[in-house]
There are 2 protein chains.
Amino acid sequence: MSSSSGGTQAVDRAAALLDLVVRADEPVRFTDLSDETGLARSTTSRLLAALERTDLVERDGSGGYVAGPLFALHAAVHDPWPQVARVARPVLETVAERTGETVHLGVPRGAGVLHVGQVESAYLLSARDWNQVDVPAHCSSLGKVLYAYDLLPIPSGRLERRTDHTVPTGDALQRELATIRRQRYATTIDELETGLSAIAAPVEGRDGVMCAIGVSGPTARLQDRVADFGRLLVQQAGELSALLGLSRSTQPRESPTEEGVA
Amino acid sequence: MSSSSGGTQAVDRAAALLDLVVRADEPVRFTDLSDETGLARSTTSRLLAALERTDLVERDGSGGYVAGPLFALHAAVHDPWPQVARVARPVLETVAERTGETVHLGVPRGAGVLHVGQVESAYLLSARDWNQVDVPAHCSSLGKVLYAYDLLPIPSGRLERRTDHTVPTGDALQRELATIRRQRYATTIDELETGLSAIAAPVEGRDGVMCAIGVSGPTARLQDRVADFGRLLVQQAGELSALLGLSRSTQPRESPTEEGVA
DNA sequence: CGAGATTGTTTCAGGGGGTGGAACTGACTT
DNA sequence: AAGTCAGTTCCACCCCCTGAAACAATCTCG
């Protein structure tokens, strides 16, 4: 294992240090790095100096190591959502594999839902590619989740009526959101289009819920498995949340009441 | 220089490769990397393999190298604006140095302007810390820039009147935006508070204008230097745009790099 | 305050790991 | 089919990395 590298010991070790620093959500102390990697302190010092010289890591005021300018540049230049989608891909694929249905990753944009990631269903009859389609958020399970966690402005008054089952008003939507928050997943059954259903669950980042994952497909296949798929989505969303929240140390964090920097 | 490293040749070389890959805005081919760094092809191959194994780089469909999962994770987990602010810091400091006034980096959020970066004025009398203050965008030079480049929804009808000079209506604002787009900078003179002025210019990312930088201070100091500071801001915003747009391949960028305004 | 523990950096000799020329593979061109 | 180019693997040589130890700079307590 540790030997199968093949002629790049120093680079591998430096990469291990860098990995620890970037994955941590708070500055990492020299000794922790030295201990975790098992490297001699002198080696650790030399490698970290090299990483700092090349802008891959940086030291904060108190001497801890954090991701360096090169990471800041990358993050500044690239839209975050495609990056989230890349991180989420394995989770979406797991859900697709276990449900057989089309899986989506939805994020808030303006007053609607933007689909930034998708894995196709194996079935012939399945939800189409939603990436280009403009779907009212109140007819979408992803949209309902985003509403429920204050990521979209909740509309009032009468809502666009797509089918007989569409949530009719802002008030009715409000009432449903309480249920969604309680069971941690949202559903839309024949609400967007007759015969089309979807289920979705919230994904947390370090500042609370940030996006949602969900499945969609024919009501005929989904209606008897809502609770099943709901549980699966909640669990997989948790996996993804763990990745995106990084090591939240020890914070269960129940309430999403997070107030922006303002 | 190239020799002053001190015992980390392999890591330095790998970092150089990584730097090239991350700074490029399109996949980089093996040969380009080998040529640019001057490394032997065998060495390049070995180092890139190590970087790929450690998730620092990744190969796209056609074999080109791009920033790897570790960068995606970082970008997915961190708010992009603080990262932009980090990248912009040197530019803000240059502006502060040459004008002596307080410098800001403003971004759109919802219907208003969020200040994500700031460098304090050297003067005793200067604009206060705006980070916590809620300023109407139509009274803010940063806000006007964001309006001018479609980053904020333009209001209609009568606008909140802070002073006698405040832009009174949405229509009046619309007319001013044309001027702003033409001269590439916006001003507010006594429009937010009597005696307070500001000047701002747009910053481009890879997808067009994304934020704005500007200075603010007493009208007494600024009023005679509006054009001067405007030019300085346009030029410095250009520098920042170059950083954030990354290598727009081959852009000679006419203005001969450094143009002192002071 | 000063002795001692702790944390991080620098030094240096020895040897293990990296280097690059060359051979090799595979894909594309003529 | 032969030739060219792109990229990987091999391997002997030797240079660069390693880690113990000395050193420097802070903390910590008696």
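What you see below is based on every heavy atom in this structure, not just the backbone, and it leaves out hydrogens, waters and symmetry mates. Treat the numbers as computed from the prediction; the structure is a model and nothing was measured. Residue numbers start from 1 in every chain, and the chains themselves are labelled A, B, ... in the order their sequence lines are given, proteins ahead of strands.
Contact check, A/Gln9 against D/dC17: no side-chain N or O comes under 4.0 Å of OP1 or OP2. For A/Arg13, a side-chain nitrogen or oxygen approaches OP1 or OP2 of D/dG19 to under 4.0 Å. Not one side-chain nitrogen or oxygen of B/Arg41 sits closer than 4.0 Å to the OP1 or OP2 atom of D/dC10.
A salt bridge is defined here as a Lys NZ or Arg NE, NH1 or NH2 lying under 4.0 Å from an Asp or Glu carboxylate O, and B/Arg86 with A/Glu58 meets this definition. Between A/Glu204 and A/Arg184 there is a salt bridge, since a side-chain N of the basic residue sits under 4.0 Å from a carboxylate O of the acidic one.
Atom CD in A/Glu52 sits roughly 13 Å away from atom C1' in C/dT9 (whole-Å rounding). In this structure, B/Arg46 atom CZ and D/dG7 atom P are separated by 16 Å, rounded to whole Å. Per the geometry, CZ belonging to B/Arg29 stands 10 Å off C1' belonging to D/dA6, to the nearest Å. Look at CG on A/Leu47: it is 14 Å from C1' on C/dG8, rounded to the nearest Å. One interatomic measurement links the two molecules: CG of B/Asp32 to C1' of D/dC5, which rounds to 14 Å at whole-angstrom precision. B/Asp12 has its CG atom 19 Å from the P atom of C/dG17, to the nearest Å. As a whole-Å value, the separation of B/Leu39 CG from C/dT19 P is 8 Å. At whole-Å resolution of the value, CG in A/Leu48 and P in D/dG19 are 14 Å apart.
Residue-to-nucleotide contacts include no donor-acceptor pair under 3.5 Å from the side chain of A/Thr44 to the base of C/dG8. Judged by distance alone, with hydrogens and angles left aside, A/Ser42 brings a side-chain donor or acceptor within reach of the base of D/dA20, the pair sitting under 3.5 Å.
Counting any heavy atom pair closer than 4.0 Å across all strands shown, B/Thr31 reaches sugar-phosphate atoms only and no base atom.
Proximity of a side-chain donor or acceptor of A/Thr43 to a complementary backbone N or O of A/Leu39 within less than 3.5 Å is not detected.
Taken to the nearest 0.5 Å, the CG atom of B/Leu17 stands 11.5 Å off from the CG atom of B/Leu56. Distance check: A/Asp55 CG to A/Phe71 CZ gives 11.0 Å after rounding to the nearest 0.5 Å.
Closest-nucleotide positions on DNA chain C for A/Ser45 and B/Thr43 were compared, and the one nearer the 5' end corresponds to A/Ser45.
Candidate nucleotides D/dA20, C/dG18, D/dG7 were compared by shortest atom distance to the side chain of B/Phe30, and D/dG7 ranks first.
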